[in-house]
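Encoded as structure tokens, the structure appears first; notes follow it.
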Number of protein chains: 2
Amino acid sequence: MANSSTTEEEQPADADVFLAIAHPIRRRILDRLARDDLTVTQLAAPFAVSRPAISQHLRVLREAGLVAERRQGRERRYSLQPQPLAEVSDWIHQYDHFWRTRLAALSNYLDEQDEQDEQDEHAEQEQ
Amino acid sequence: MANSSTTEEEQPADADVFLAIAHPIRRRILDRLARDDLTVTQLAAPFAVSRPAISQHLRVLREAGLVAERRQGRERRYSLQPQPLAEVSDWIHQYDHFWRTRLAALSNYLDEQDEQDEQDEHAEQEQ
DNA sequence: ATTATACGTAAGCAATTCCTTACATGTCAA
DNA sequence: TTGACATGTAAGGAATTGCTTACGTATAAT
């Protein structure tokens with residue numbers, strides 16, 4: 001009952017961005033919208049699924065706040081709304097430190113292997 | 001048929017990282033593994049679901065290459081394997097430019113609003 | 001040896017996802 | 001107006017997800 005937001009009724013209260021980007025078709029839609037604003041028919045063209053399927057994917061993206069639609073005559077032109085991706089970006093960046101630490105650890109390990117292999121080399125001219 | 005990699009047969013051929021991180025429990029598991037290596041029982045403790053449910057989540061993470069397990073007596077200690085997150089990181093970073101462009105556009109818009117509001121300010125000492 | 005602990009996995013089930021086809025609505029064109 | 005686009009949505013169904021309980025198998029403890 002006492003759910004997420006009591007104050008977000010204008011904004012569609014972004015429905016899980018992580019879920020929205022989990023589907024490869026939806027990611028490809030976003031990729032293409034990063035280049036151009038496109039209509040549904042244009043968006044659907046390169047995909048192997050039906051046009052309504054794309055409409056449904058667009059709904060998921062819309063509810064996640066990742067795309068916006070503007071009506072142009074009988075067409076609806078979609079544009080990328082990248083802000084919600086910040087949540088993913090932030091989450092991923094938590095691991096940057098860990099990342100580097102791990103690479104460093106691997107590097108140290110390899111260095112130690114080298115030391116054990118070579119044991120008394122001084123000239124370090126090979127890369 | 002001619003899929004991504006023809007040379008990855010030792011590694012479990014990472015099963016969709018985007019899907020693996022789409023579930024909040026799995027993200028929280030990764031978050032905790034970024035601090036400590038933990039056993040399944042330790043991992044399961046704070047969650048509202050059963051221990052087998054966590055085991056199943058761990059399988060998804062394992063198949064995505066995001067965690068590694070090492071057997072320690074009757075326990076299995078899991079550790080974070082952040083490398084596959086690079087795919088997500090790379091994908092997200094495609095949008096960095098778009099991001100900044102959009103922020104810049106917003107900024108310009110606000111600047112123009114300011115210009116219309118103030119119209120003849122010269123001293124630019126505030127940051 | 002027996003019992004308890006730590007874990008994976010199978011089976012079963014409700015809910016959800018993702019597709020399809022069919023249809024309703026709104027807009028341009030003749 | 002009539003017909004051809006452009007699009008959203010509803011209905012239905014197969015596949016998948018995410019949980020549960022039950023069970024099997026190691027390992028540790030007694």
Side-chain angles (χ1 to χ4, degrees), chain A residues 1 3-4 12-33 36-81, chain B residues 12-33 36-81 84:
Chain A
M1 304 287 177
N3 213 340
S4 46
D14 62 343
D16 208 333
V17 181
F18 285 92
L19 274 179
I21 66 170
H23 196 290
I25 288 188
R26 290 197 288 265
R27 285 198 301 280
R28 292 215 284 148
I29 288 177
L30 295 179
D31 289 344
R32 295 183 53 221
L33 289 180
D36 286 299
D37 295 0
L38 295 170
T39 67
V40 178
T41 306
Q42 290 173 329
L43 278 171
F47 293 111
V49 299
S50 69
R51 203 234 351 118
I54 299 299
S55 266
Q56 285 158 17
H57 283 306
L58 284 171
R59 172 158 55 178
V60 174
L61 293 171
R62 216 184 309 125
E63 287 174 353
L66 284 165
V67 301
E69 102 186 6
R70 67 176 186 280
R71 315 195 48 161
Q72 276 187 335
R74 54 181 163 182
E75 301 177 342
R76 304 197 184 189
R77 193 159 300 264
Y78 279 82
S79 57
L80 180 63
Q81 219 70 26
Chain B
D14 62 343
D16 207 333
V17 181
F18 286 91
L19 274 179
I21 67 168
H23 196 291
I25 288 188
R26 291 197 287 266
R27 285 199 301 280
R28 293 216 285 148
I29 287 177
L30 294 178
D31 289 343
R32 295 183 52 219
L33 289 181
D36 285 300
D37 294 0
L38 294 171
T39 67
V40 179
T41 306
Q42 290 172 330
L43 278 171
F47 294 110
V49 299
S50 70
R51 204 236 346 122
I54 299 299
S55 267
Q56 286 158 17
H57 282 306
L58 286 171
R59 172 158 55 176
V60 174
L61 293 171
R62 216 185 307 127
E63 287 173 354
L66 284 165
V67 300
E69 101 184 7
R70 67 175 185 282
R71 316 196 46 160
Q72 277 187 336
R74 56 182 161 179
E75 300 177 342
R76 306 198 182 189
R77 193 159 299 263
Y78 279 83
S79 57
L80 179 63
Q81 219 72 25

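Letters A, B, ... are given to chains in the order of the sequence lines, protein chains preceding strands, and every chain is numbered from 1.
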Practice problem: Heavy atoms only: give me the nearest B:Val40-B:Ser55 pair and the separation to one decimal. | Solution: CG1-OG, 4.0 Å
Practice problem: Name every residue in residues 18-29 of chain B that has at least one heavy atom under 4.0 Å from any atom of DNA chain C, in order of residue number, or write none if there are no such residues. | Solution: none
For the pair made of [atom1] in [X] and [atom2] in [N], what is the distance, rounded to whole Å?
X       : N      : atom1 : atom2 : value
B:Glu63 : D:dT16 : CD    : P     : 14 Å
A:Ile54 : D:dA6  : CD1   : P     : 16 Å
B:Leu38 : C:dA6  : CG    : C1'   : 15 Å
A:Gln72 : D:dA6  : CD    : P     : 13 Å
A:Asp16 : D:dG18 : CG    : C1'   : 15 Å

Quiz prompt | Gap separating the CD atom of A:Glu69 from the CZ atom of A:Arg59, nearest 0.5 angstrom | solution = 12.0 Å
Distances for protein N or O near nucleotides 7-15 of chain D N or O, under 3.5 Å:
residue : atom : partner : partner atom : Å
D:dT7   : OP1  : A:Val40 : N            : 3.4
D:dT7   : OP1  : A:Arg76 : N            : 3.1
D:dT7   : OP2  : A:Thr41 : N            : 2.8
D:dT7   : OP2  : A:Thr41 : OG1          : 2.1
D:dG8   : OP1  : A:Tyr78 : OH           : 2.5
D:dG8   : OP2  : A:Ser55 : OG           : 2.4
D:dG8   : N7   : A:Arg51 : NH1          : 3.2
D:dG8   : O6   : A:Arg51 : NH2          : 3.3

Practice problem: Write out all pairs satisfying salt bridge (Lys or Arg N to Asp or Glu O under 4.0 Å) with one or both partners inside residues 48-57 of chain B, taking only residues at least two apart or from two chains. | Solution: none
Quiz item: What pairs meet the salt bridge (Lys or Arg N to Asp or Glu O under 4.0 Å) rule with one or both residues in residues 36-45 of chain A, with sequence neighbours excluded?
Solution: A:Asp37-A:Arg70
Quiz item: By salt bridge (charged side-chain N to carboxylate O under 4.0 Å, His left out), which residues pair with B:Arg77, not counting sequence neighbours?
Solution: B:Glu75
Quiz item: Does C:dC19 have OP1 or OP2 sitting under 4.0 Å from an N or O in the side chain of A:Ser50?
Solution: no
Quiz prompt | Short side-chain N/O contact to C:dC19 OP1/OP2 from A:His57, under 4.0 Å | solution = yes
Quiz item: Taking the six-membered ring of A:Phe47 as reference, does the NZ or CZ atom of A:Arg28 fall below 6.0 Å from its centre and within a 45° cone about the axis?
Solution: no
Quiz item: By side-chain contact (heavy atoms from CB on, under 4.5 Å), which residues pair with A:Leu19, not counting sequence neighbours?
Solution: A:Asp16, B:Ala22
Practice problem: Carefully, step by step, assess B:Val67 and B:Leu30 under the rule side chain to side chain contact (heavy atoms under 4.5 Å, CB included). | Solution: CA-CA 8 Å; B:Val67 300; B:Leu30 294 178; 3.8 Å; yes
